[in-house]
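Written below as structure tokens is the structure these notes are about.
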Amino acid sequence: MDPAKPDINISDVVVSTAGRDAGNWFYVIHEDPVYLFLANGKDRTLEKPKRKKRKHVAKVLRSETRVAEKLRCGDKVLNSELRRDLAFLAREMQANNLGG
């Protein structure tokens with residue numbers, strides 16, 4: 001693992017930095033030493049996650065929402081919950097960046 005990259009775990013919110021989906025936000029739903037499996041509930045659902053190398057994503061934040069807690073515990077999460085949570089987090093980040 002690259003020491004320059006932050007440690008990315010299940011339930012972290014990441015942004016894609018390479019590929020067609022560059023700039024899109026995702027939740028990490030599964031991980032292995034080389035790849036992360038990402039879902040956003042819209043283009044990439046929980047049933048068909050995006051497999052992406054760790055070096056092609058950047059960690060946005062460690063989410064402490066109810067959806068993130070469900071992912072960490074292994075509880076059932078719906079695609080609609082992922083979409084709603086990512087939209088909320090994106091609005092929050094944008095408001096914080098514009099306001100400060």
Side-chain angles (χ1 to χ4, degrees):
M1 186 177 300
D2 185 6
K5 286 281 188 183
D7 191 29
I8 299 175
N9 299 308
I10 293 175
S11 82
D12 286 347
V13 177
V14 297
V15 64
S16 173
T17 58
R20 292 182 215 205
D21 58 2
N24 291 348
W25 288 36
F26 296 95
Y27 263 109
V28 177
I29 61 168
H30 183 69
E31 63 175 331
D32 67 28
V34 178
Y35 292 102
L36 298 171
F37 294 84
L38 311 173
N40 63 6
K42 185 179 179 184
D43 307 322
R44 290 300 178 166
T45 61
L46 291 162
E47 298 78 28
K48 192 173 179 184
K50 172 70 177 166
R51 185 183 77 161
K52 202 157 187 80
K53 287 190 175 181
R54 290 176 178 269
K55 66 180 180 179
H56 293 149
V57 298
K59 184 175 178 178
V60 176
L61 57 99
R62 173 82 173 163
S63 181
E64 297 300 330
T65 62
R66 192 176 66 122
V67 173
E69 185 62 33
K70 287 170 92 175
L71 284 171
R72 280 192 289 274
C73 293
D75 293 343
K76 183 168 174 59
V77 179
L78 301 175
N79 287 311
S80 59
E81 291 177 308
L82 287 180
R83 285 193 305 269
R84 186 173 33 247
D85 211 34
L86 287 172
F88 173 76
L89 292 171
R91 281 194 307 271
E92 284 283 311
M93 291 291 278
Q94 187 177 24
N96 289 341
N97 288 341
L98 291 177

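Treat the numbers as computed from the prediction; the structure is a model and nothing was measured. For the numbers below, each heavy atom of this structure counts, side chains included, while hydrogens, waters and symmetry mates do not.
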Say you draw a straight line from [atom1] of [X] to [atom2] of [Y]; how long is it, rounded to the nearest 0.5 Å?
X: Asn79; Y: Asp43; atom1: CG; atom2: CG; value: 11.0 Å
X: Thr65; Y: Leu71; atom1: OG1; atom2: CG; value: 8.0 Å
X: Leu38; Y: His30; atom1: CG; atom2: NE2; value: 11.5 Å
X: Arg62; Y: Asn9; atom1: CZ; atom2: CG; value: 5.5 Å
X: Glu69; Y: Asp75; atom1: CD; atom2: CG; value: 8.5 Å
X: Ile10; Y: Ile29; atom1: CD1; atom2: CD1; value: 9.0 Å

Report task. Look at Asp21 together with Lys52 and state whether they make a salt bridge at an N to O cut-off of under 4.0 Å. Result ->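 Yes, Asp21 and Lys52 are salt-bridged.
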Report task. Flag the pair Glu81 and Arg84 as a salt bridge only when some basic side-chain nitrogen lies within less than 4.0 angstrom of an acidic carboxylate oxygen. Result ->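 No salt bridge links Glu81 with Arg84.
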So which atom in [X] and which in [Y] form the shortest heavy-atom distance, rounded to 0.1 Å?
X: Ala68; Y: Ser11; answer: O-CB, 3.4 Å
X: Val60; Y: Met93; answer: CG1-CE, 3.8 Å
X: Ala18; Y: Ser16; answer: O-OG, 3.0 Å

Can you check whether [X] reaches [Y] side chain to side chain, under 4.5 Å on heavy atoms?
X: Arg54; Y: Ile8; answer: yes
X: Lys50; Y: Phe37; answer: no
X: Phe26; Y: Leu82; answer: no
X: Val77; Y: Tyr27; answer: no
X: Val15; Y: Asn24; answer: no

Would you find a donor on one side and an acceptor on the other, under 3.5 Å apart, between the side chain of [X] and the backbone of [Y]?
X: Lys70; Y: Leu78; answer: no
X: Thr17; Y: His56; answer: yes
X: Arg83; Y: Gly41; answer: yes

Query raised in the report: Pick from Val13, Val57, Val14: which one makes a side chain to side chain contact (heavy atoms under 4.5 Å, CB included) with Val28?
Result: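 By the side chain to side chain contact (heavy atoms under 4.5 Å, CB included) criterion, Val28 pairs with just one of Val13, Val57, Val14: Val14.
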Report task. Give a yes or no on this: more than 12 heavy atoms of other residues, nucleotides or ligands lie within 6.0 Å of atom CZ of Arg66. Result ->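 No - once you tally the heavy atoms of other residues, nucleotides and ligands closer than 6.0 Å, there are 12 at most.
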